[in-house]
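All remarks here apply to the structure that follows.
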Amino acid sequence: MKVLYNDGHVGECPEDEELHVIRHSAAHIMAQAIKRLYPEADFAFGPATDNGFYYDIDLPEGEKISEEDFPKIEDEMKKICKENLKFEVYELPREEAIKHMQERGEKYKVEHIGDLPEDARITFYKQGEYVDMCVGPHILYTKALKAFKLTGVSGAYWKGDKNNKMLTRINGIAFRSKDELEAHLKLLEEAAKRDHRKIGQEMEIFMMNEAGPGFPFWLPNGMRIRNSLMQYWQEMQDKYGYDQVQTPIILSRSLWETSGHWDHYKENMYTTKIDDEDYAIKPMNCPGACLIYKSKPRSYRDLPLKLAEAGIDHRHELKGALHGLFRVREFQQDDAHLFIRPDQITEQVTDVAHLITAYYAQFGFPYRVELSTRPDNSMGSDEDWERAEQGLKDALEAMGVDYKLNPGDGAFYGPKIDFHLQDCLGREWQCGTIQLDFQLPHNFQLEYTDKDGSKKQPIMIHRAGFGSFERFIGMLIEQYAGKFPTWLSPCQVKVLPVSEKTRDYAHEVADKLRAAKVRVKVDDRDEKIGYKIREARSIDRVPYMLILGEKEAEAGNISVRDRSNETVQRSLDDFIADITAEIEERRG
């Protein structure tokens, strides 16, 4: 695909950049259409994204755009495409660019240019009557935009600052062809069916309430899932040699000053006063782990010290960014901190990576791995960084893991490995991470006595596998569409008596299942059996239904229907033996 670059030349676009160019051009065409329909609209930022494009718009008082307005905007965009307007590019020095945008009444563009260096030269792209400052590249003619759709409207602060005006953000998607767009729309339709907020409400897993925006309420079914996941997490910590700890939720300002969070993260922290002194509700668990390490002298023989904590953390997220279980203000982290010697990096990183990949194998998530190396604003010696980066590479290569190198994208305190999961819809989620940290051991003056009696500073590994239990459960809800494997299902068996005559037998069956530690419910309502079956399948999404009629009651057996809708006659004892083995082995 040929595109127009900001130096004015037309060149072939690399295939992996084509969608970005198409989507960026779609943002300009959408802005042009909106300007035609809403002449007083002012435009802020309008970039392409990994999933589509958007534009932030300041509409005059009394005007608003809702999804009901999308058809007329899309129609105007189609009209612009048919006009086959040519994209043109030109460049102006900063002061001329400011005047250029002032003449066009583009106050947000003026402010944006004003933030740029005085010697900056600004490029503009023009199609028809519409002009936008932009670095490009863009398609050559508007007719080249063949497949697009507007997908949503929301609010967004100018420059992402809550102290600035709230603008209207219009989102859209664009693809190379109508077939690609159609395939994506079907994917969105499937994603909507799997939306964890919708399923979470139907299955009564969690709820939100305005009494605590961003603070989930876990309902009984949700707690059954959480407890099952937590039991699995605890068993894995024991298997991989971690000691479990718990640190306080509220800690003093002095601690957060030592860790650096008070200076660099305070706007995301909730604070309070106790005995007239400043305290903060912890946004992360690592400083507490440092205090545990420092609570007594440590020797090189004590390392590695592996501390796991399913800590409850609080971070202030903007209200508009909150999203079900994926973006919350209170969450429980699958967290651990390892304190190691430099010679233990490869061994311990390999061990952590094995643990994280075991998690993903359990749930059937494919993943890819990125290794991020030293950034410009790093702390620590060249020797520390070289040893740490080589240790991470050696660990990944020893495991035979393919990885992508991200030069300069590590944390300022150390390099890291990130695990990106892919779900059944092809979406990626960054969950697992292994981060080496020289900074916190330095800030907290952590040390151990080495073989020669000298004092050395340990290296700290931050490790997460699920990320947070909230986010991971949200992912699992969507991955399974609520049809959890039996060991995770809030209700593992639903007993359905066909009539009043078999209610007593149904409760006898349920009592035997409970005695075997199977989660079971009896639906003995005066409803038709077909209705009960449909509800158990579509709302409760149970793995097994036991349909008990008079024939089953007389014979003392059961009729089992699984998710494939296959129904078989079985003895209760055999069924209990099979389902308890399935649960214990965490199949599925």
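All values derive from a computational prediction rather than experimental measurement.
Using a 4.5 Å heavy-atom threshold, the side chains of Ile477 and Phe484 count as touching. Met460 places a side-chain heavy atom less than 4.5 Å from the side chain of His337.
Taking the centre of each ring, Trp487 and Tyr232 come in below the 6.0 Å mark. Taking the six-membered ring for Trp, Tyr413 and His442 have ring centres at least 6.0 Å apart. Between His354 and Tyr240, the distance separating the two ring centers is not shorter than 6.0 angstrom.
A donor-acceptor distance shorter than 3.5 angstrom exists from the side chain of Arg341 to the backbone of Tyr300, with no hydrogens or angles considered. Judged purely by atom type and a 3.5 angstrom limit, Asp161 uses its side chain to pair as donor or acceptor with the backbone of Asn163. In this structure, Asn221 contributes its side chain and Met203 its backbone to a donor-acceptor pair below 3.5 Å. Distance alone, capped at 3.5 Å, is enough to place a donor-acceptor pair between the Asn209 side chain and the Ala211 backbone. With Trp256 contributing its side chain and Leu251 its backbone, the two residues share a donor-acceptor pair below 3.5 Å. Proximity of a side-chain donor or acceptor of Lys456 to a complementary backbone N or O of Pro342 within less than 3.5 Å is not detected. A donor-acceptor pair under 3.5 Å is absent between the side-chain atoms of Asn6 and the main chain of Gly136, judged by distance alone. Remark: side-chain polar atoms of Gln344 are paired, donor with acceptor, to backbone N or O of Leu303 under 3.5 angstrom. A distance-only check finds no donor-acceptor pair linking the side chain of Tyr448 to the backbone of Ile340 [under 3.5 Å].
Summarising the local packing, CD of Gln445 is surrounded by 12 or fewer heavy atoms from other residues, nucleotides or ligands at distances under 6.0 Å.
Judged by a 6.0 Å distance limit and a 45° cone about the ring axis, Lys306 is positioned over the six-membered ring of Tyr242.
Shortest non-hydrogen contact noted between Glu447 and Arg298 is O-CB, 4.0 Å.
Side chains of Asn51 and Thr49: a donor-acceptor N/O pair is absent below 3.5 angstrom, by distance only.
For the side-chain hydrogen bond (donor to acceptor under 3.5 Å, both in side chains) with Glu478, the lone residue among Arg194, His196, Lys198 that qualifies is His196. With Ile249 as the fixed residue, the side chain to side chain contact (heavy atoms under 4.5 Å, CB included) test singles out one of Ile281, Asn285, Asp313: Ile281.
Phe365 CZ to Phe472 CZ: the interatomic distance, rounded to the nearest 0.5 Å, is 5.0 Å.
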